[in-house]
Structure formats: structure tokens, C-alpha cells
Amino acid sequence: MNRILGETYPDAHCELDYGNPLELLVATILSAQCTDKRVNMVTPVLFAKYQTAEDYAAADRAELEEIIRSTGFFRAKTTSIIGMAQAVCERYGGEVPGRLKDLVTLPGVGRKTANVVLGNAFGVPGITVDTHFQRLTRRFGWTTETDPVKIEHEVGSLIPKREWTVMSHRIIWHGRRICIARKPACGACPLADLCPAYGTGPTDPVAAAKLVRPGPFS
DNA sequence: ATCCCGAGGG
DNA sequence: CCCTCTGGAT
């Protein structure tokens, strides 16, 4: 399955638009419960107005909220961005830290967001367990866990570390294009012959994952 | 477990 | 109308 995913999505990459670690961090915070396409609609305006952590730390809440409103959760996201920026200024001299341990201490930055920034802006291999990754690896039978950290470790043990970041993107791309949450397109899936959850529909991925556990290299 | 919250698909 | 979208904090 791993090989087929690589052949199907040779160009899988982060689809958020950004030019530096701070921009990616902000874009990733905005991406919660929101499509990347919509995030990319607001970030040009946002990045034009705020360039540094100091800029965000001193931002006017109402102005920032208005810019990011369409991404949803805009009050919480504004609190996260301003709080994150203040912490970056106070504790890291205005530079986004390049270590997981530091990133997850920032307000509004959890493990998933931290791994996105590490993997894409710092070149540190990281597994990104988001809603897609969790749904697909469970459907594939690569894990039966529901805790994101356990999934990260279990799947990480099945995949070479140097492939962690690109593998995350391939799985996420597949989740967006074929193995869609609401309506999996099993008929169009290149993994159909190998997938334990083939044809089981959007519900009951748990039972499907328990049937067979072929692993990523079968 | 619940809240935050807008936009788009089916 | 109901669900989901590359989550995180309480």
C-alpha cells in the first residue's frame, strides 16, 4: 500500500501557502476545521499586514478577526495567533523554534500543528496525525488506536523516518481525493485490492480495520 | 465530553 | 438539514 500511495501521489506536499516558518505556523493554526483552499484565500491579506511575530503580538484583535473570519473559529484562532506570537517574542526572541518540545508549549499549537511546521518549514521528519491520517490508517488496518500519539508511534514504526513527512502528505491527499470521510470512492481507489475497509462505506471503519491488518508494505 | 464557528457538499 | 473540513484548550 505504501508503494502504491507513492506512485499515485509522487508530488504530495503541503498545500498551505507560506514563505517562512512563521507564515506556515499561522496558516496551520488557521487550517483547523477548515480547508487549505480557504486558508490560502485569507493569508495573502494577513501576511501583507503582519510580517513578524512582533507584528502579530501587537495586532488589534478586531482587525485580525475580520481578516481571518471566513476560516471559522475566528475568535479562538485570533487568541491563538496573538498568544503564540507573544510567547515567541518573549521566550524565543521573535523566532519560531524548530523543536517539537518548544513548539507545543505555544498557545494554540498542538502536536499536529507542530509536526506540520517541523516537517515542512524545518525539514525535520514528522508524522502529522490529523483527521485524514487517523481515518485512513485505521481503515487501512495499519493501526487500531484512536489516540493520535499512539497512532503516530505505531505508524511511525512501520515507515522509514525519512518518509514520515511525505507519507503524511500522501495519506492526506488520498483522504481528500478518494478515501473521503463522508463517501469513500472505493471504486476509484488504487488500494482497493489491498484495503480491509474496501466497500464498507463511511461508517464502521473500526470493525473493518479489525478484519485484516496487512501493513503498509503488503 | 464540549466548545469554538464559518463555509461548502450532499 | 446534517456532516465535514489537515485541531486545540478547557
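Labels below follow one simple rule: chain letters A, B, ... track the order of the sequence lines, proteins then strands, and each chain is numbered from 1.
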message: Please report the distance, rounded to the nearest Å, between CZ in A:Phe74 and C1' in B:dC3.
response: 14 Å

message: So A:Leu106, base contact, sugar-phosphate only, or nothing? Heavy-atom distance under 4.0 Å.
response: sugar-phosphate

query: How long is the line joining CD1 of A:Ile172 and C1' of C:dG7, in whole Å?
result: 13 Å

message: For a quick test of reading the model: is some side-chain N or O of A:Thr128 closer than 4.0 Å to OP1 or OP2 of C:dT6?
response: no

task: Mind checking A:Val109 for me? I need base, sugar-phosphate or nothing, with any heavy atom below 4.0 Å counting as a touch.
output: sugar-phosphate

query: Within this structure, what is the CD1-to-C1' distance between A:Ile180 and C:dT6, rounded to whole angstrom?
result: 15 Å

query: OH of A:Tyr18 versus P of C:dT6: gap in Å, rounded?
result: 17 Å

- prompt: For A:Asp147 and C:dG8, what is the distance between atoms CG and P respectively, to the nearest whole Å?
  reply: 13 Å

- prompt: In Å and rounded to the nearest 0.5 Å, what is the CZ to CZ distance from A:Arg75 to A:Arg69?
  reply: 7.0 Å

query: Does the pair A:Thr137 and A:Val129 meet the rule for a side-chain contact (heavy atoms from CB on, under 4.5 Å), with working shown?
result: CA-CA 10 Å; A:Thr137 53; A:Val129 183; over 6 Å; no

Which residue lies more 5' along DNA chain C, comparing A:Ser80 with A:Glu15 via nearest heavy atoms: A:Glu15

task: Take atom NZ of A:Lys77 and atom P of C:dC5, then tell me their distance rounded to the nearest Å.
output: 14 Å

- prompt: Which is true for A:Phe73 with a 4.0 Å heavy-atom rule: it touches a base, it touches only sugar-phosphate, or it touches nothing?
  reply: base

message: Below the 4.0 Å mark, does C:dG8 have OP1 or OP2 next to a side-chain nitrogen or oxygen of A:Thr113?
response: yes

query: B:dG10 and C:dT6: how far apart are their P atoms, nearest whole angstrom?
result: 14 Å

A:Arg177 to A:Trp173 six-membered ring, cation-pi geometry met (6.0 Å, 45°): yes

message: Measure CG/A:Asn40 against P/B:dA7 and give the value in whole Å, please.
response: 17 Å

- request: Write down the distance separating the P atoms in B:dC5 and C:dT10, rounded off to the nearest Å.
  value: 14 Å

- line: Assign each of A:Lys183 and A:Thr35 the nucleotide of DNA chain B bearing its closest heavy atom; nearer the 5' end lies the nucleotide of A:Thr35

- prompt: Does a side chain donor of either A:Thr79 or A:Arg61 reach within less than 3.5 Å of an acceptor in the other side chain?
  reply: yes

query: Where each residue is assigned the nucleotide of DNA chain C containing its nearest heavy atom, which of A:Val104 and A:Asp130 is assigned the position nearer the 5′ end?
result: A:Asp130

Ring centre gap for A:His174 and A:Tyr9 strictly below 6.0 Å: yes

query: When we call it a touch if two heavy atoms are under 4.0 Å apart, what does A:Arg176 touch: a base, just sugar-phosphate, or nothing?
result: base

- prompt: Checking only heavy atoms, does the side chain of A:Arg182 share a donor-acceptor pair with the base of C:dC3 at less than 3.5 Å?
  reply: yes

statement: note: A:Leu30, atom CG; B:dC5, atom P; distance rounded to Å ~ 13 Å

- prompt: Below 4.0 angstrom from OP1 or OP2 of B:dC5, is there any side-chain N or O of A:Arg69?
  reply: no

